[in-house]
S.K.: 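I'd like to ask some things about the structure below.
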Amino acid sequence: NNAVAEPAKPSESPKKETQEETPRDSNSKMYYASALEEDNKTFYNVSEEPVPDETVFLFIETKNGKCDFAIYEGARSKVLKDDSFLTGACQLARIGNSKVVVTEKGIAELTSDNKWVVTKPAKVTFE
């Protein structure tokens, strides 16, 4: 029994270390954001769960207070019909109107008053 229990301990600790090194990739916090207010480039509503008929963007935390963002999968058909949801958050290129492709993720940062603001617009192509 002891011989079996001992090797288990060393194999447990490398697993833990590996998990701690890669939380950004697999366990990053994800948020869901609505459209944004054009004047100050601030997202109206950012939540930890998608909001039906409201969520437009998916945030993936890269470090505390900073997220990459792209278009939320469930909102693609909505933004194809009405690209005004993307205004201010995305640079839009229009080739067609059947598919939404995020060519470059945007960056949003948390301000001191707990608002998410666009610091770099996403690049989006309608194909």
Side-chain angles (χ1 to χ4, degrees):
N1 253 359
N2 275 355
V4 174
E6 293 238 305
K9 275 183 187 163
S11 72
E12 270 176 39
S13 69
K15 269 188 205 161
K16 276 184 188 161
E17 282 171 34
T18 310
Q19 283 174 349
E20 282 168 24
E21 284 173 34
T22 56
R24 276 187 200 152
D25 302 342
S26 53
N27 302 327
S28 294
K29 269 194 181 166
M30 294 189 355
Y31 301 101
Y32 300 88
S34 62
L36 68 116
E37 192 179 313
E38 278 179 70
D39 296 341
N40 59 11
K41 291 192 179 286
T42 302
F43 290 92
Y44 284 115
N45 182 17
V46 177
S47 56
E48 292 190 16
E49 296 291 324
V51 179
D53 297 328
E54 193 177 302
T55 296
V56 178
F57 299 101
L58 171 65
F59 283 18
I60 298 153
E61 193 170 63
T62 52
K63 63 182 186 200
N64 205 9
K66 189 172 186 175
C67 289
D68 283 349
F69 70 87
I71 295 171
Y72 173 59
E73 207 58 51
R76 287 175 186 257
S77 59
K78 178 164 92 170
V79 299
L80 270 175
K81 286 187 204 119
D82 184 357
D83 64 18
S84 66
F85 290 109
L86 305 180
T87 304
C90 302
Q91 291 175 358
L92 203 54
R94 190 180 287 279
I95 300 165
N97 59 358
S98 60
K99 198 165 90 174
V100 180
V101 179
V102 177
T103 53
E104 200 176 300
K105 287 180 180 163
I107 297 172
E109 292 190 30
L110 197 58
T111 62
S112 56
D113 57 354
N114 275 338
K115 302 242 185 251
W116 286 97
V117 68
V118 174
T119 54
K120 180 178 163 244
K123 291 185 178 166
V124 176
T125 304
F126 282 18
E127 293 180 351

S.K.: Please identify each residue that fulfils side chain to side chain donor-acceptor pair (under 3.5 Å) with Asn45, with sequence neighbours left out.
M.R.: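 For Asn45 the side chain to side chain donor-acceptor pair (under 3.5 Å) partners, ignoring immediate neighbours, are Glu54.
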S.K.: Which residues pass the salt bridge (Lys or Arg N to Asp or Glu O under 4.0 Å) test with Glu127, sequence neighbours left out?
M.R.: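 In terms of salt bridge (Lys or Arg N to Asp or Glu O under 4.0 Å), with neighbours along the sequence ignored, Glu127 is linked to Lys99.
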S.K.: Taking atom NZ as the centre, does Lys105 end up with more than 12 heavy-atom neighbours from other residues, nucleotides or ligands that are less than 6.0 angstrom away?
M.R.: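 Count not over threshold, so no.
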S.K.: Residues two or more places apart in sequence or in another chain: which of them pass side chain to side chain donor-acceptor pair (under 3.5 Å) with Asp82?
M.R.: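 Partners of Asp82 under the side chain to side chain donor-acceptor pair (under 3.5 Å) test: Ser84.
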S.K.: The criterion is side chain to side chain donor-acceptor pair (under 3.5 Å); which residues satisfy it with Thr42, sequence neighbours excluded?
M.R.: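 Result, side chain to side chain donor-acceptor pair (under 3.5 Å) vs Thr42: Asn40.
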S.K.: Roughly how far apart are Thr125 OG1 and Arg94 CZ, rounded to 0.5 Å?
M.R.: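 Reported to 0.5 Å precision, the distance equals 11.0 Å.
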S.K.: Taking a hydrophobic cluster as the set of Ile, Leu, Val, Met, Phe, Trp and Tyr residues connected by side-chain heavy atoms closer than 4.5 Å, whether directly or through intermediates, do Met30 and Tyr72 fall within one such cluster?
M.R.: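 Met30 and Tyr72: one cluster.
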S.K.: Short question: side chain of Lys41, backbone of Gly88 - any donor-acceptor pair under 3.5 Å?
M.R.: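 Yes.
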S.K.: Knowing that exactly one of Asp68, Asn64, Thr62 qualifies, which makes a side-chain contact (heavy atoms from CB on, under 4.5 Å) with Lys66?
M.R.: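 It is Thr62, the one option of Asp68, Asn64, Thr62 that forms the side-chain contact (heavy atoms from CB on, under 4.5 Å) with Lys66.
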S.K.: Taking salt bridge (Lys or Arg N to Asp or Glu O under 4.0 Å) as the test, write out the residues that go with Glu104, two or more places apart.
M.R.: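 Testing Glu104 for salt bridge (Lys or Arg N to Asp or Glu O under 4.0 Å), a comparison that skips the adjacent residues, returns Lys120, Lys123.
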S.K.: Atom CG of residue position Asp113 - does it have more than 12 heavy atoms of other residues, nucleotides or ligands inside 6.0 Å?
M.R.: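 Yes - once you tally the heavy atoms of other residues, nucleotides and ligands closer than 6.0 Å, there are more than 12.
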S.K.: Given a cutoff of under 4.5 Å between side-chain heavy atoms of I, L, V, M, F, W and Y, with clusters grown through shared members, what are the other residues clustered with Val124?
M.R.: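 Members alongside Val124: Tyr31, Leu36, Phe43, Val46, Val56, Phe57, Phe59, Phe69, Ile71, Val79, Leu80, Phe85, Leu86, Leu92, Val100, Val102, Leu110, Trp116, Val118, Phe126.
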S.K.: Give me the atom names and distance for the closest heavy-atom approach of Glu61 to Gly65.
M.R.: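 Heavy atoms only, the tightest pair is OE2-N, 4.0 Å.
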